[in-house]
Protein chains: 4
Amino acid sequence: MIIKLKKDVSEDEILEIKSILEENKMIVVENESKSEKVIGVIGNTKIIDIDKIKGYSGVIDVCDVKEPYKRAGRKFHPENTIVKIDENICIGDNKIIVIAGPCSVENEEQIIEVAQKVKSSGASLLRGGAFKPRTSPYAFQGLKYEGLELLKKAKEKTGLKIVTELMSTDDIERFEKDVDIIQIGARNMQNFDLLKKVGKLNKPILLKRGIASTIEEWLMAAEYIMSEGNENIILCERGIRTYENATRNTLDLSAIPMIKKLSHLPVIVDPSHAAGIDWMVEPLSKAAIACGADGLIIEVHNNPQKALCDGKQSITPEAFDKLMNDLELVAKAVGRNI
Amino acid sequence: MIIKLKKDVSEDEILEIKSILEENKMIVVENESKSEKVIGVIGNTKIIDIDKIKGYSGVIDVCDVKEPYKRAGRKFHPENTIVKIDENICIGDNKIIVIAGPCSVENEEQIIEVAQKVKSSGASLLRGGAFKPRTSPYAFQGLKYEGLELLKKAKEKTGLKIVTELMSTDDIERFEKDVDIIQIGARNMQNFDLLKKVGKLNKPILLKRGIASTIEEWLMAAEYIMSEGNENIILCERGIRTYENATRNTLDLSAIPMIKKLSHLPVIVDPSHAAGIDWMVEPLSKAAIACGADGLIIEVHNNPQKALCDGKQSITPEAFDKLMNDLELVAKAVGRNI
Amino acid sequence: MIIKLKKDVSEDEILEIKSILEENKMIVVENESKSEKVIGVIGNTKIIDIDKIKGYSGVIDVCDVKEPYKRAGRKFHPENTIVKIDENICIGDNKIIVIAGPCSVENEEQIIEVAQKVKSSGASLLRGGAFKPRTSPYAFQGLKYEGLELLKKAKEKTGLKIVTELMSTDDIERFEKDVDIIQIGARNMQNFDLLKKVGKLNKPILLKRGIASTIEEWLMAAEYIMSEGNENIILCERGIRTYENATRNTLDLSAIPMIKKLSHLPVIVDPSHAAGIDWMVEPLSKAAIACGADGLIIEVHNNPQKALCDGKQSITPEAFDKLMNDLELVAKAVGRNI
Amino acid sequence: MIIKLKKDVSEDEILEIKSILEENKMIVVENESKSEKVIGVIGNTKIIDIDKIKGYSGVIDVCDVKEPYKRAGRKFHPENTIVKIDENICIGDNKIIVIAGPCSVENEEQIIEVAQKVKSSGASLLRGGAFKPRTSPYAFQGLKYEGLELLKKAKEKTGLKIVTELMSTDDIERFEKDVDIIQIGARNMQNFDLLKKVGKLNKPILLKRGIASTIEEWLMAAEYIMSEGNENIILCERGIRTYENATRNTLDLSAIPMIKKLSHLPVIVDPSHAAGIDWMVEPLSKAAIACGADGLIIEVHNNPQKALCDGKQSITPEAFDKLMNDLELVAKAVGRNI
């Protein structure tokens with residue numbers, strides 16, 4: 001349920017309304033748009049005396065929210081959320097943010113070289129896997145803590161903030177300290193224990209869509225995090241599993257305008273994992289921006305053929321540089337910059 | 001199998017090579033790119049004496065073609081196919097072609113009004129269903145022959161060439177006479193009898209992707225048509241069936257660059273049927289152009305709320321006009337015009 | 001809408017009710033169960049004066065039918081439909097019917113040998129493709145009319161009635177004369193022109209589920225046939241397209257009890273095409289019978305390794321013989337015979 | 001890689017071969033079938049001198065294992081694994097094991113009543129959710145530790161061993177102490193941190209298939225557990241996500257014979273979650289047994305209409321009792337008992 005209030009509603013009325021709601025054990029969430037204030041109410045709202053609430057002079061309307069997501073939904077939060085990473089980087093704003101880097105951190109030389117190059121081409125953040133979720137227990141699982149240290153070195157050298165995936169709740173404190181955006185991978189999108197725990201942090205979360213998750217389930221995963229207090233969520237579309245095998249997954253770009261309609265959260269696209277093919281990164285990146293994505297996360301490797309993981313989908317720093325130039329034109333065509 | 005030849009190969013050598021192939025009952029297809037001539041060979045090529053063919057001075061190389069599609073594949077035909085509709089309209093060229101019009105032809109006033117409006121906004125062709133494939137035998141099945149006559153009137157009034165769906169082999173002669181591009185719908189993509197019969201026409205075919213067809217099966221459907229002699233094929237991506245229900249189907253935009261890689265045929269996108277939602281037409285159209293589509297087919301209705309069919313996904317002429325302006329910017333950003 | 005009537009309702013009342021419905025241009029379908037008569041009504045039933053109809057003494061109740069399928073639905077036709085092939089063979093009865101034979105008819109010796117063997121093992125009908133729907137136009141397309149003649153010879157020799165696929169409306173008359181059950185293949189399940197035309201025949205139709213059709217669409221395809229008058233339909237589940245590639249398609253056995261709930265039509269299972277693997281035919285056949293299928297259609301080839309088509313999924317006559325023995329036990333366990 | 005050895009190979013030879021392998025840092029796994037001993041080798045086997053190994057008199061053959069699963073694969077372990085729960089209950093044996101109980105543990109009366117009833121009908125183990133994975137953070141999340149205590153009381157009263165889902169690595173010690181079979185739910189099938197940690201326990205694990213996991217990914221999840229030392233794994237097919245919405249998920253019964261071919265691990269079926277419909281439990285249970293499942297896990301609730309969770313798919317104790325009788329006939333028909 002949401003209660004729409006006039007912008008100039010008195011503080012007293014708000015307090016009274018909130019006290020009614022809280023007496024009834026409702027969870028209360030306050031937001032506002034340019035034209036009105038919104039009180040979102042979560043709980044068994046059937047027991048609330050709607051007429052009484054409508055009676056307050058500052059109340060414009062009281063509406064049901066059928067969607068199961070509340071905090072993640074646009075009804076509760078009419079304006080776009082902008083996730084602030086630092087003074088210069090905001091995700092969800094007019095400027096499109098590009099995160100780039102290798103699938104896995106492999107060694108100091110590699111990560112620093114890639115970081116320097118993607119920075120000079122205009123990337124805003126550095127990605128790189130330290131802990132790698134691999135289908136096989138015998139495959140390279142990442143450099144782990146050593147990988148984290150190398151990411152920190154690359155950050156020191158380049159100033160690029162870092163994004164990397166958290167796989168175990170054991171590592172949360174370490175990630176909170178060392179990482180700028182914590183990624184929750186597709187396989188863990190419904191690892192509710194992990195979601196709740198990162199929900200207690202004050203740290204941006206990059207929440208990848210599960211490989212066969214509906215948009216509703218994805219927003220509900222965001223809701224799990226938000227219900228614990230952390231509202232700094234960036235959604236990431238990375239392809240869904242379908243019958244088609246020409247590409248590794250099927251990038252669902254319809255999800256971008258749909259998320260924008262249903263939710264206020266920023267949403268970015270991962271064209272590298274979606275298709276699994278290096279030469280597809282360019283057209284899919286352009287398409288992502290054209291249909292409204294707030295950013296991209298792209299795999300760049302200084303030597304794709306020798307990558308320890310996912311080389312087939314990584315592009316070179318040179319290709320990335322050219323891509324950034326091309327994307328600028330597409331961004332402008334849809335009224336944004338990059 | 002393909003035989004690559006020097007541009008300046010002698011006619012005699014070509015004739016000799018072809019006679020060897022034809023003696024062995026191979027089907028021979030000739031094409032050329034900027035740098036070389038290509039002889040495509042279909043049949044049990046294992047019986048051909050490759051060394052003998054390699055011995056000709058004009059032969060650069062002989063390569064196997066693993067792909068099951070031959071005429072539809074880029075190896076057989078390295079340059080893009082451009083389907084010429086008339087003096088002014090070519091599909092597959094630098095200019096992006098937009099086909100617009102209502103789901104169904106409903107009456108003279110409707111189809112003429114829509115045709116005039118979409119023309120003035122820049123559409124190149126008029127779409128409109130006369131024969132409608134409907135899941136229910138009790139649903140409106142289109143105005144049929146009367147609908148065809150109304151399309152012809154709209155063409156007379158506006159000069160717009162017409163695109164409409166053929167559902168029965170009984171109507172082929174009539175369609176050949178009256179229609180400018182014959183559409184084969186998603187449900188008939190593997191109606192091989194229909195494919196073979198339109199393959200004998202000299203008329204452009206718009207071949208929609210089946211609702212759960214792989215890209216390979218789609219190209220094989222084109223191959224059925226081409227194997228009968230008709231090479232004027234325009235492919236149309238219109239969304240595939242997945243588990244996701246937020247949109248009616250999942251538009252597979254990765255298919256656009258993939259088709260461009262594998263095939264020489266032009267490919268357009270139908271954002272209206274893919275999503276089934278009017279407000280998604282704009283972002284998906286932009287994305288389609290950004291990733292390389294050669295055109296769009298968009299449902300436009302002068303009164304979407306009262307449409308006899310698919311009103312939910314039709315946009316108004318006013319929205320279409322605005323869309324065409326927006327698309328011009330995106331087209332330019334990727335080096336094309338519209 | 002359905003009107004439930006007492007068993008002893010007077011003929012006069014029925015005539016009066018029908019005349020009201022027909023005046024209002026409704027389509028009227030009469031059926032009965034053990035306990036009541038049912039008048040099914042198709043059309044814009046909102047214009048009917050329900051209270052007037054409820055006023056007749058023989059009327060028990062008037063109910064809406066939300067399902068889009070009417071004639072194919074169990075509400076219109078509460079008792080199971082039993083499709084009678086000849087004096088001895090009924091599909092949908094307590095006895096489970098097995099249709100067996102090769103994917104393609106290849107030559108006289110092959111089809112007669114297989115027919116004799118499957119007959120001696122207990123098959124009730126012979127299957128064999130004369131016209132083959134192949135993804136590639138260059139693949140073996142069946143012996144066509146010669147194949148039909150060979151099937152007729154096998155029928156003469158063995159007495160087995162024949163089931164084979166119709167692909168073109170051009171061949172309908174020939175099939176009507178020569179074939180005992182006309183198969184509509186998965187690719188043509190929504191070839192509405194073909195459905196309507198076989199709907200005018202008085203001949204059993206085996207309607208395969210489309211490779212990505214919902215159960216509702218499948219029943220609507222049956223409705224297309226039934227709406228033209230032909231109610232002799234046998235549904236056939238043959239696997240659906242999913243992301244899983246360990247089997248060619250995913251056999252959807254839940255569809256069997258679901259069809260039994262929603263429809264009165266008999267339903268059989270094709271384990272050979274579903275899995276595409278010979279050794280899976282046995283466990284999937286057992287499972288199909290255990291969950292209520294009315295029959296099976298199984299590929300049997302006298303020399304699977306040399307089959308011109310789909311050899312990988314064909315079992316030998318010896319394996320078929322053993323299978324029939326095993327299936328008898330499972331059929332008994334669920335109260336049926338085979 | 002596997003090395004097949006004669007049954008009467010000398011211990012010395014085995015030790016020599018193993019020492020070669022271990023010197024090369026291979027992981028060595030020993031198993032045996034009725035006719036031979038098998039040494040499974042995991043690692044970069046290209047560096048092993050195969051000819052030297054073939055030179056030992058006890059070696060029959062050395063073969064590559066292309067499958068990415070090793071310990072979970074039948075090549076490494078030719079005989080069926082039988083998971084022993086206690087003196088009387090073995091999963092994977094000739095006797096089919098039925099696990100029954102409510103979706104959620106709700107209160108003492110409920111769980112004890114259900115436990116007593118399902119026991120008297122022949123269930124071997126009691127299921128019941130204490131920690132519930134729910135799509136919404138606001139939905140009932142289970143009684144948690146109180147639920148565990150109630151399960152223990154039900155076990156005391158009835159002697160039924162208990163199966164319940166583990167969602168957080170924080171609870172592993174508690175589960176190890178209190179639970180007889182630890183369930184890993186579909187959403188956590190690729191929660192590799194959780195898999196590795198339960199891999200260190202000496203406790204049977206019920207590993208549900210992920211909602212969109214391939215059979216190969218599922219076996220790789222088992223491999224994660226087994227690679228840490230715990231080989232007591234029971235796989236559970238519970239339906240996969242497809243486009244079809246008539247049932248909640250599509251039960252993939254082909255997976256049962258496929259798992260039996262590829263792996264030695266026992267596999268059971270959950271018809272309740274697959275279809276999400278109470279009346280489908282019976283036909284799907286019969287089908288599961290007919291195609292070779294080693295057991296079933298069925299939701300039974302004493303008052304399905306009032307269940308706090310998933311009531312729509314729960315059957316009553318009376319329906320369960322009748323089902324067990326019916327299943328006995330099907331089990332016998334395929335040479336097993338229940």
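Below, chains carry the letters A, B, ... as their sequence lines are ordered, and counting in each starts from 1. Nothing here was measured: the structure is a model prediction, and the numbers come from that model.
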Quiz item: Between B:R127 and B:Q183, is any side-chain donor less than 3.5 angstrom from a side-chain acceptor?
Solution: no

Exercise. Would you check if the side chain of A:N188 reaches a backbone N or O of A:N191 as a donor-acceptor pair within less than 3.5 Å?
Key: no

Quiz item: Quick one: of A:T242, A:I215, A:I256, A:V330, who has the most non-hydrogen atom pairs under 4.5 Å with chain B?
Solution: A:I215

Quiz item: In terms of heavy-atom pairs under 4.5 Å with chain B, which of A:K261, A:E282, A:K332 leads?
Solution: A:K261

Quiz item: Is the backbone N or O of A:T250 less than 3.5 Å from a side-chain atom of A:T247, with the two atoms forming a donor-acceptor pair by type?
Solution: no

Quiz prompt | Selection from B:C291, B:G335, B:A331 maximising heavy-atom pairs under 4.5 Å formed with chain A | solution = B:C291

Exercise. May I ask you to decide if A:V65's main-chain N or O and A:K70's side chain share a donor-acceptor pair within less than 3.5 Å?
Key: yes

Self-check item: For the student: nearest non-hydrogen atoms of A:E216 and A:Y69, plus distance
Solution: CG-CE2, 4.0 Å

Practice problem: Measure A:L262 against the heavy atoms of chain B and call it side chain, backbone, both or neither at under 4.5 Å. | Solution: neither

Quiz prompt | Residue part contacting chain B, namely of A:A212, when any heavy atom lies under 4.5 Å | solution = both

Quiz item: Would you say A:E223's side chain and A:R71's backbone share a donor-acceptor pair under 3.5 angstrom?
Solution: yes

Practice problem: Side chain from CB out, backbone as N, CA, C, O: work out which of these in A:A246 comes under 4.5 Å of a heavy atom of chain B, or both, or neither. | Solution: both

Quiz item: So which of B:D326, B:L253, B:L329, B:I240 has the biggest tally of heavy-atom pairs under 4.5 Å with chain A?
Solution: B:I240

Quiz item: So, does B:R336 use its side chain to make a donor-acceptor pair with the main chain of B:N94 at under 3.5 Å?
Solution: yes

Quiz item: chain B heavy atoms under 4.5 Å from A:S254: which part of the residue, side chain, backbone, both or neither?
Solution: both

Quiz item: Which bit of A:M280 comes within less than 4.5 Å of chain B, counting heavy atoms only: side chain, backbone, both or neither?
Solution: side chain

Quiz item: With only heavy atoms counted, which part of A:V334 is less than 4.5 Å from chain B, the side chain, the backbone, both or neither?
Solution: side chain

